[in-house]
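In what follows, a structure is listed as structure tokens, so that the remarks can point back to it.
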Amino acid sequence: MNIEQKLSDKTVEALEKLYGATIDKASFEKTNPDFTGDLTLVVFPFLKVSKKKPEDTANEIGNYLKENVAEIASFNVVKGFLNIVIGDTFWLNYFKSINGKSLLHPAPENNQVVMVEYSSPNTNKPLHLGHVRNNLLGYSVSEILKAAGNKVIKTNIVNDRGIHICKSMLAWQKWGNGETPESCGMKGDHLVGKYYVEFDKHYKAEVKELKAKGIPDAEAEKKAPLMLEIQNMLLKWEANDKEVRSLWEMMNGWVYKGFDETYKMLGVDFDKIYYESNTYILGKNIIDEGLAKGVLKRRPDNSVYADLTPDGLDEKTLLRADGTSVYMTQDLGTALERAKETGFDKHIYTVGNEQDYHFKVLFLILKKLGYKWADGLYHLSYGMVELPEGKMKSREGTVVDADELMEEMIATAKKTAEELGKAQDLEEADKQQLYRTIGLGALKYFILKVDPKKKMLFNPAESIDFNGNTAPFIQFNYVRIRALLRKAKEGMLNFDDINVFIHNVTLLPKEKELLIKLYNFNTTVQQAAAEYSPAVIANYVYDLAKEYSQYYHDTPILKEEKKDLILFRLQLSSDIGNAIKTGMSLLGIEVPERM
RNA sequence: GAUUCCGUAGCUCAGCUGGAUAGAGCAACUGCCUUCUAAGCAGUAGGUCGCGCGUUCGAAUCGCGCCGGGAUCACCA
């Protein structure tokens with residue numbers, strides 16, 4: 001049982017015995033660093049039952065706890081604050097208990113099936129910074145949920161069909177001259193993206209021309225020849241036209257190859273990939289079911305809708321008058337399909353906050369339809385990535401490309417390392433690997449340390465930092481630990497048998513703080529899982545690394561005179577290294593051995 | 001207009017299930033490399049926690065109202 005729980009239970013007991021009061025639980029919090037103690041109980045809420053002054057109440061509870069909880073070394077009272085000091089013995093026992101083990105101990109009873117959907121790209125253009133945030137979040141949340149004891153299925157739904165896909169296809173057909181990724185040396189997704197832009201350019205020119213002839217805006221946009229052509233192409237696609245389909249398959253193939261490279265570089269992956277070309281028809285069964293149950297209604301023109309006005313939302317159309325379905329219909333169908341397929345307990349959609357309304361409606365309709373699993377649906381809604389001048393706009397060319405961004409980060413890592421004279425004795429291949437680890441680490445940490453639901457700012461003019469609250473700083477501390485351990489090994493120091501050296505250890509204040517931090521590792525992972533927030537992990541790992549950095553600076557480890565202390569400090573460092581490595585892996589960030 | 005998210009140091013962010021004097025990093029300025037990796041450590045300076053009212057022994061944190069910003073409110077995806 002953890003110490004906070006024990007203290008809480010005993011406090012409840014104390015209140016009962018001292019004042020005859022029944023209280024559910026008493027919560028302790030971390031003692032403010034300016035005061036002596038490890039855990040603090042605020043006694044103000046108990047004055048009602050004690051009918052005594054804050055100081056007296058705190059002292060009485062303190063005395064009771066001291067007598068009944070062996071781990072307590074001492075306590076002090078400041079106004080209404082009861083500060084508890086936990087003895088070294090407790091922390092040293094904890095230290096022994098984690099020796100050589102993983103810090104993670106997932107709760108098996110928590111073993112739920114969780115689907116995490118993320119990425120969801122369109123196959124008409126390459127991935128950009130917004131996708132990067134999505135991918136990193138989805139991947140990291142998946143890792144965190146796994147660490148918290150869930151069975152996670154990572155999924156991706158690829159938007160591979162529709163009018164926007166036809167745009168790049170048509171443009172390539174018209175102006176591509178048979179260009180392929182091989183022939184021009186361009187990554188497939190970038191090549192297709194180029195033709196998407198190309199389409200837009202010609203289309204705009206046509207619209208402008210029509211407008212010049214005095215045709216109203218809306219009509220010009222609809223009547224432009226290129227618009228009519230892609231609409232025709234979409235119809236052909238839906239009719240399974242051989243020529244259109246093979247063009248579609250070829251160009252999507254290029255895109256997938258490009259995406260695979262980007263995903264690989266980002267370090268994300270999926271257990272199951274869905275394609276909208278297979279799922280867009282889904283959902284019609286649900287309509288029939290909904291109509292039968294009376295959840296959905298039919299209008300005179302034959303269109304079908306869900307009336308959500310009683311819930312403070314609008315009417316949502318699910319089937320057009322012509323019988324075709326809309327985006328929402330697909331999502332209803334896909335959710336049902338997945339529920340049948342996997343029997344998930346939870347399903348997390350990693351999608352930007354611009355779709356908050358969409359998911360509200362989606363979940364509500366599924367609940368109204370009476371599906372139990374609908375309670376397990378969750379929209380992991382994250383804020384947009386903005387540039388100093390505002391939103392990224394592909395039309396204005398202000399989109400930050402994912403591949404380019406990663407390249408730049410790696411190049412900056414290289415440049416910085418060379419300036420600092422780092423890693424000079426490494427093999428060339430190891431150097432390249434190191435620059436990747438550092439550059440991509442910096443990028444990932446920069447994005448993940450921010451609370452997902454907040455919008456975040458990215459300034460391309462200022463490169464992402466490598467100092468301070470960053471991945472390279474955390475990696476650096478890991479590297480220092482690894483260097484110590486290598487040297488210890490060379491010096492034949494054997495710290496395997498913890499029982500030999502632990503008896504002669506008195507904890508320094510910093511060592512105790514570090515042990516407390518390690519002790520909180522699992523709680524932190526659980527919290528991050530509950531909040532679906534990698535930022536919780538990022539902040540934890542940074543705090544730990546920062547504390548260690550101070551410790552490392554102030555405390556001799558290999559240079560310590562007493563051998564038992566050397567061994568203790570090495571083992572402590574090693575444990576911290578493990579915590580850093582594990583924590584970073586939950587963010588999808590690697591740590592190097594040297595840098 | 002309605003719904004919703006956000007507003008903390010010059011900048012980027014923590015803290016928010018109410019608790020003690022609001023924390024980091026960057027940028028600025030000062031020190032510290034013949035001692036375990038200086039991508040580091042220590043220090044100085046920088047805040048009416050958007051504004052007001054309320055609840056409370058206690059509010060950055062909870063509630064209400066303003067002000068400012070974003071997003072959404074299609075038989076688009």
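Each chain gets a letter, A, B and so on, in the order its sequence line appears, and its residues count up from 1.
A distance cut-off of 5.5 Å between ring centres, combined with a plane angle under 30°, places A/F81 in a stacking arrangement with the base of B/A20. Between the side-chain ring of A/F44 and the base of B/G19, a stacking contact exists by the 5.5 Å and 30° definition.
Across B/A39, B/A77, B/C75, the shortest atom-to-atom separation from the side chain of A/N467 is found for B/A39. With distances taken from any side-chain atom of A/N32 to the nucleotides B/A77, B/A20, B/A71, the minimum falls on B/A20. If you check B/A39, B/G70, B/A77 against the side chain of A/F476, the one that comes closest is B/A39. Distances from the side chain of A/T31 to the nucleotides B/A20, B/A77, B/C36 place B/A20 closest.
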What side-chain donor-acceptor pairs closer than 3.5 Å can you find for residues 78-85 of chain A, not counting sequence neighbours?
from: A/N83; atom 1: OD1; to: A/T40; atom 2: OG1; distance (Å): 2.7
from: A/N83; atom 1: ND2; to: A/N76; atom 2: OD1; distance (Å): 2.9

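When rounded to the nearest whole Å, the span between CZ of A/R594 and P of B/U37 equals 11 Å. When rounded to the nearest whole Å, the span between OH of A/Y445 and C1' of B/A39 equals 14 Å. The distance from atom CD of A/E29 to atom P of B/G15 is 16 Å, rounded to the nearest whole Å. One interatomic measurement links the two molecules: NE2 of A/H553 to P of B/G31, which rounds to 16 Å at whole-angstrom precision.
For the side-chain contact (heavy atoms from CB on, under 4.5 Å) test, residues two or more places apart in sequence or in another chain that qualify with A/V450 are A/R133, A/K454, A/M456. When the ring-ring contact (aromatic ring centres under 6.0 Å, His included) test is applied to A/Y203, the partners found at least two apart in sequence or on another chain are A/F199.
Across all strands shown, A/N83 has heavy atoms under 4.0 Å from base atoms, whether or not it also approaches the sugar-phosphate. Among the protein residues, A/P45 comes within range of the nucleic acid bases, having at least one heavy atom under 4.0 Å from a base atom. Among the heavy atoms of the strands, none lies under 4.0 Å from A/A535. Across all strands, A/S573 comes closer than 4.0 Å to no nucleic acid atom at all (heavy-atom distances). Within the 4.0 angstrom heavy-atom criterion, base atoms lie near A/D301. Counting any heavy atom pair closer than 4.0 Å across all strands shown, A/F473 reaches sugar-phosphate atoms only and no base atom. Backbone-only contact: A/D451 has heavy atoms under 4.0 Å from sugar-phosphate atoms and none from a base. Among the atoms of the strands shown, base atoms are found under 4.0 Å from some heavy atom of A/V42. Among the atoms of the strands shown, none is found under 4.0 Å from any heavy atom of A/T470.
Ion pairing of A/D288 with A/K284 is absent here, as no side-chain N (NZ or NE/NH1/NH2) approaches a carboxylate O to less than 4.0 Å. Ion pairing between a basic and an acidic side chain is recognised when a charged N comes within 4.0 Å of a carboxylate O; A/R486 and A/E490 show no such pairing. Salt bridge annotation for A/K297-A/D307: present, with a cationic side-chain nitrogen under 4.0 angstrom from a carboxylate oxygen.
A 6.0 Å sphere centred on CD of A/E561 holds no more than 12 heavy atoms belonging to other residues, nucleotides or ligands. No more than 12 heavy atoms of other residues, nucleotides or ligands sit less than 6.0 Å from atom NZ of A/K581. Summarising the local packing, CD of A/E60 is surrounded by more than 12 heavy atoms from other residues, nucleotides or ligands at distances under 6.0 Å.
Distance check on atom C1': B/C62 versus B/G18 gives 7 Å, rounded to whole Å. B/G31 and B/A45: their C1' atoms are spaced 15 Å apart (whole Å). When the P atom is compared between B/C6 and B/G50, the two are found 13 Å apart, to the nearest whole Å. Annotation: B/A42 and B/A60 have their P atoms spaced 28 Å apart (nearest Å).
Tested against A/D331 for a side-chain contact (heavy atoms from CB on, under 4.5 Å), the candidates A/I157, A/L362, A/I365 yield a single pass: A/L362. Here the options are A/I589, A/L136, A/D465, the test is side-chain contact (heavy atoms from CB on, under 4.5 Å), and the partner is A/Y445; only A/I589 passes.
Less than 4.0 Å separates RNA chain B from at least one heavy atom of each of the following residues of residues 537-552 of chain A: A/N539, A/Y542, A/K546, A/S549, A/Q550, A/Y552.
When the nearest nucleotides of RNA chain B are assigned to A/A483 and A/D465 by heavy-atom distance, the more 5′-ward of the two goes with A/D465. Nucleotides of RNA chain B nearest to A/R161 and A/K559 differ in position, and the one nearer the 5' end is that of A/K559.
Using a 30° and 60° split on the angle between ring planes, A/Y540 and A/F521 fall in the perpendicular class, above 60°. Using cut-offs of 30° and 60° for the angle between ring planes, the A/W237 and A/W248 rings count as perpendicular.
Put simply, A/R480 has a side-chain N or O that comes within less than 4.0 Å of OP1 or OP2 on B/A38. For A/T317, a side-chain nitrogen or oxygen approaches OP1 or OP2 of B/C75 to under 4.0 Å. Side-chain N/O atoms of A/K316 include none lying less than 4.0 angstrom from OP1 or OP2 on B/C73.
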Nucleotide N/O of nucleotides 3-12 of chain B paired with protein N/O under 3.5 Å:
from: B/G7; atom 1: OP1; to: A/K454; atom 2: NZ; distance (Å): 3.4

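Heavy atoms only, all atoms of each residue included: A/S381 and A/N353 are closest at OG-CB, 3.0 Å.
Stem analysis of RNA chain B (at least three stacked-register Watson-Crick or G-U pairs, each with both distances under 3.5 Å) gives B:1-7 with B:67-73, B:10-13 with B:23-26, B:28-32 with B:40-44, B:50-54 with B:62-66.
The glycosidic torsion of B/C33 lies within 90° of 0, which places this base in the syn conformation.
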